[in-house]
Amino acid sequence: MTVRTRIAPSPTGDPHVGTAYVALFNYCFAKTHGGQFILRIEDTDQARSTRESEGAILAALRWVGLEWDEGPDVGGPHGPYRQSERSALYREHADILLGKGHAFRCFCTAERLTEVRKAQMAAKQTPRYDGHCLSLSADESARRAAAGETHVVRMKVPDGGTCVVHDRLRDPIHIDYSQVDMQVLLKSDGLPTYHLANVVDDHHMGITHVMRGEEWISSAPKHLLLYGYFGWQAPELCHLPLLRNPDKSKLSKRKNPTSILYYQRMGFLPEALLNYLGRMAWSMPDESEKFGLDQMMAHFDVDRISLGGPVFDVDKLTWLNGRYIREDLDDAQFIERIVRWQLNREALAPLVPLVRPRISTWSDLVDVAGFFLQGMPPITADDLAHKKLEPQEVQRVLQWTQWQLEALPAWDAAAIEATLRATAGVLELKLRDSLAPLFVAISGKKSSTPLFDTIGLLGRDLSLARLRHGLEVLGGVSKKQQGRWQKAYRAALAAQAEAGG
RNA sequence: GUCCCUGUCGUCCAACGGUCAGGAUGACACGCUUUCAACGUGUAGACGAGGGUUCGACUCCCUCCAGGGACACCA
């Protein structure tokens, strides 16, 4: 049997370092067993998936040095490798389950489900589907579906008993079926949920080993159940510990830069980033810290994966990156790399219209545009002081803007402008005043290139990191204060939504 | 709240019944250096707690505690 593993990212945002981390282990496992590594796009969430995101993810994985044997761009014998192009297959398989009595149609409204959930929460029970449509006769179910009544397909779950999940790295995990929800498999839009699509595809693509984040352990019984229902052999499971923020919570863009694009932009070398990810939860037998993909593969052993959730430590990554710059690049390569980084036509082109009006000599360039190349601008609390705003008001502007930008679906100057204007309105500040602290936090100076374009060019994670940095420079925001602001922020959002219809 | 996972220096990893618990990073100190880095040397710093099992437990078992994850027509 050929070992086949996969990475199955969902194209709903910037390429995540966690994706590269999981991909790396899948890659190493497959390759060290003479197998194949597949890339599949899980874009069944129509509302959030975009082609831009998909392209960025593929490019980012290639950038760190991972290549796949089969995927949406390179093809392969088990395609298509994009779930949105496989919907017929899922419907077919939902029908099989329906036919075998392992699944049922559910006509419940969203309102009813929320109500049930609310009641269960109030009664301190685990929120679960209550089985309302389970009792529908096959005839009635089929008739209502044929009549075009909107419905979903849910999987059935055994009344009693326990599911034993075998994980490559852990003792057998026992989960009672009473804990497993009757998961929706086919949404009312006819597209599958993760659980169905994942199982169907892993089977049809011949995936033998599923290495994925630990967050999936609790839904493993659903997947195992599905394999059983279809009469398929389940792949071996291996749940990797989750990358963490410094506060130990699951790595999130809310608290940390998580986008590979950010690390790219900050000037990390792809080989250093990949090396660092290989040090997360794993070590070389001789404990060496600096190693390339080839060396990692030469010594790879799944059983050397440790299970404590590793904190993604940018400081240590930075140290490692420094070693690569010092030890692995000769002068020519050094130059080539910085050119490839930001000192090239493609990266410079968008700066021209912003910079040209503001310089008289080339030597003005560093002053005007140097911050584009910078990490965190060297600012102090004094720099952020504003004659019309109290220090706390400044913090509030930074904090709100951070929240707004991190939730912004699209990332372009127009959307950013609209958001920042809205923020000023809600905070009842003149745009000019509310923008002042942002100029400083983003560019390091009171005035700079136009803010909206600048933020757009800097990218989401780098902009957010600078806002966070600004807040830190001001001494940080207390949990209590943050809570209060968050409440007001949510309320403002709700009001805005209502006003906007 | 329910279920599940995890628990070694602040952080990342070693040691898988017998070591003064090791390395790296970060911190600090000293050296080198015009400065800063880099580099070199050194210092502080951990087995979550309590019970067992054993001649002997970081390592095995139990209880507790702590952290994390999951509980969607998102993945």
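Here is the naming used below: chain letters follow the sequence lines, and residue numbers restart at 1 for every chain.
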Q: State plainly whether the residues A:Arg117 and A:Asp130 are in salt-bridge range, i.e. N to O under 4.0 Å.
A: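 No salt bridge links A:Arg117 with A:Asp130.
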Q: By nearest nucleotide on RNA chain B, pick out whichever of A:Glu287 and A:Trp282 is the more 5' one.
A: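 Result of the comparison: A:Trp282.
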Q: Examine A:His195 together with A:His223 and report whether their ring centres are nearer than 6.0 Å.
A: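 Under 6.0 Å, so yes.
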Q: I'd like a table of atom pairs between the protein and nucleotides 27-32 of chain B - only N or O on both sides, under 3.5 Å - with the distance next to each one.
A:
none

Q: Over all strands shown, is A:His174 touching base, sugar-phosphate only, or nothing at heavy-atom distances under 4.0 angstrom?
A: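 Sugar-phosphate, backbone atoms only, no base.
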Q: Between A:Glu70 and A:Tyr81, is there a side-chain donor-acceptor contact under 3.5 Å, judged purely by atom types and distance?
A: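 Yes - a donor-acceptor pair under 3.5 Å links their side chains.
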Q: Could you report the tightest heavy-atom contact between A:Met284 and A:Arg304, atom names first, then the distance?
A: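 Heavy atoms only, the tightest pair is O-NH2, 3.2 Å.
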Q: In whole angstrom, give me the gap between the C1' atoms of B:G68 and B:C55.
A: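 Result for the C1' pair: 39 Å, nearest Å.
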Q: With the side chain counted from C-beta on, respond yes when A:Trp282 and A:Met296 share a heavy-atom pair under 4.5 Å apart, and no when they do not.
A: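 A:Trp282 vs A:Met296: side chains touch.
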Q: For nucleotides 43-48 of chain B, list the nitrogen or oxygen atoms of the protein found under 3.5 Å from its nitrogen or oxygen atoms, one pair per line.
A:
none

Q: Identify whether the distance between the nearest side-chain nitrogen and carboxylate oxygen of A:Lys253 and A:Glu406 falls below 4.0 Å.
A: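 Salt bridge: no.
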Q: Checking salt bridge (Lys or Arg N to Asp or Glu O under 4.0 Å) between A:Asp201 and each of A:Arg82, A:Arg40, A:Arg4, A:Arg6, which is the one that passes?
A: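 Going through A:Arg82, A:Arg40, A:Arg4, A:Arg6 one by one, the salt bridge (Lys or Arg N to Asp or Glu O under 4.0 Å) with A:Asp201 is satisfied by A:Arg40 alone.
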Q: Indicate yes or no: does A:Glu472 engage A:Arg468 in a salt bridge with an N to O separation below 4.0 Å.
A: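 Salt bridge: no.
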Q: Flag the pair A:Tyr276 / A:Phe312 as yes when their ring centroid distance falls below 6.0 Å, and as no otherwise.
A: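 Yes, the ring centres sit under 6.0 Å apart.
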Q: Please report the distance separating the P of B:U43 from the corresponding atom of B:A15, rounded so that it comes out in whole Å.
A: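 It comes out at 25 Å once rounded to the nearest Å.
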Q: Taking CG from A:Asp171 and C1' from B:C61, how many angstroms apart are they, rounded to a whole number?
A: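 In whole Å, B:C61 C1' lies 12 Å from A:Asp171 CG.
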Q: Measuring only the P atom in each nucleotide, how far is B:C60 from B:G1? A whole number of Å is fine.
A: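 About 30 Å, rounded to a whole number of Å.
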Q: Can we say A:Glu327 and A:Lys290 salt-bridge, meaning some charged N sits less than 4.0 Å from an Asp/Glu carboxylate O?
A: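 So A:Glu327 pairs with A:Lys290 through a salt bridge.
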Q: Measuring centre to centre across the rings, with the benzene-like ring taken for any Trp, is A:His93 within less than 6.0 Å of A:Phe230?
A: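 Centroid distance A:His93-A:Phe230: below 6.0 Å, so yes.
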Q: Can you confirm whether the side chains of A:Ser249 and A:Asn245 place a donor and an acceptor under 3.5 Å from each other?
A: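 Short answer, yes.
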Q: A:Phe29 and A:His33: aromatic ring centres closer than 6.0 Å?
A: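 Yes, the ring centres sit under 6.0 Å apart.
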Q: Strictly by modelled atom types, are A:Thr380 and A:Asp383 linked by a side-chain donor-acceptor pair under 3.5 Å?
A: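 There is such a pair between these side chains.
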Q: What does A:Met284 touch in the nucleic acid at a heavy-atom separation under 4.0 angstrom: a base, only the sugar-phosphate, or nothing?
A: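 Touches nothing.
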Q: Calculate the interatomic distance between A:Asp286 atom CG and B:C13 atom P; express it in whole Å.
A: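 These atoms are roughly 16 Å apart.
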Q: So which one's nearest nucleotide on RNA chain B is more toward 5', A:Leu169 or A:Pro246?
A: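 Nearest nucleotide further toward 5': that of A:Leu169.
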Q: Any ion pair linking A:Arg51 and A:Glu54 (charged N to carboxylate O, less than 4.0 Å)?
A: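 Salt bridge flag = yes for A:Arg51 with A:Glu54.
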Q: When the P atoms of B:G22 and B:A44 are considered, how many whole Å apart are they?
A: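 Between the two P atoms, the distance is 12 Å.
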Q: Between B:A27 and B:U11, how many Å separate the two P atoms, rounded to a whole number?
A: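 Per the computed distance, 15 Å lies between those P atoms.
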Q: What residues in residues 299-335 of chain A put a non-hydrogen atom under 4.0 Å from any atom of RNA chain B?
A: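 Listed by number, they are A:Arg304, A:Ser306, A:Leu307, A:Gly308, A:Gly309, A:Pro310, A:Val311, A:Asp313, A:Lys316, A:Trp319, A:Arg326.
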Q: Give me the distance, rounded to whole Å, that separates B:C36 from B:C28 when you measure between the P atoms they each carry.
A: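 Roughly 14 Å separates the two P atoms.
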Q: What residues in residues 268-279 of chain A put a non-hydrogen atom under 4.0 Å from any atom of RNA chain B?
A: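 Heavy-atom cutoff 4.0 Å gives A:Arg279.
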Q: Pair A:Glu42, A:Arg48 - check salt bridge (Lys or Arg N to Asp or Glu O under 4.0 Å), show working.
A: CA-CA 11 Å; A:Glu42 308 225 327; A:Arg48 295 195 306 145; over 6 Å; no
Q: Please name the pair of heavy atoms, one in A:Leu224 and one in A:Val164, separated by the smallest distance, quoted to 0.1 Å.
A: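 Minimum heavy-atom contact is CD2-O, 4.2 Å.
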Q: Which residue, A:Pro11, A:Ser84, A:Ser10, forms the side chain to side chain contact (heavy atoms under 4.5 Å, CB included) with A:Ile41?
A: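 In the set A:Pro11, A:Ser84, A:Ser10, the residue that makes a side chain to side chain contact (heavy atoms under 4.5 Å, CB included) with A:Ile41 is A:Pro11.
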Q: Indicate yes or no: does A:Lys445 engage A:Asp367 in a salt bridge with an N to O separation below 4.0 Å.
A: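 Salt bridge flag = no for A:Asp367 with A:Lys445.
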Q: In dot-bracket, 5' to 3', how would RNA chain B read with Watson-Crick or G-U wobble pairs under 3.5 Å, [ ] for crossing ones and | for pairs to another strand?
A: (((((((..((((....[...)))).(((((.......)))))....(((((..]....))))))))))))....
Q: What interatomic distance, in whole Å, is found between C1' of B:C58 and the corresponding atom of B:C71?
A: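 Nearest-Å result for B:C71 against B:C58 at atom C1': 34 Å.
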Q: If a protein heavy atom is under 4.0 Å from the base, mark B; if only from the sugar-phosphate, S; if neither, -; do that for nucleotides 62-75 of chain B going 5' to 3'.
A: -----SSSSBSBBB
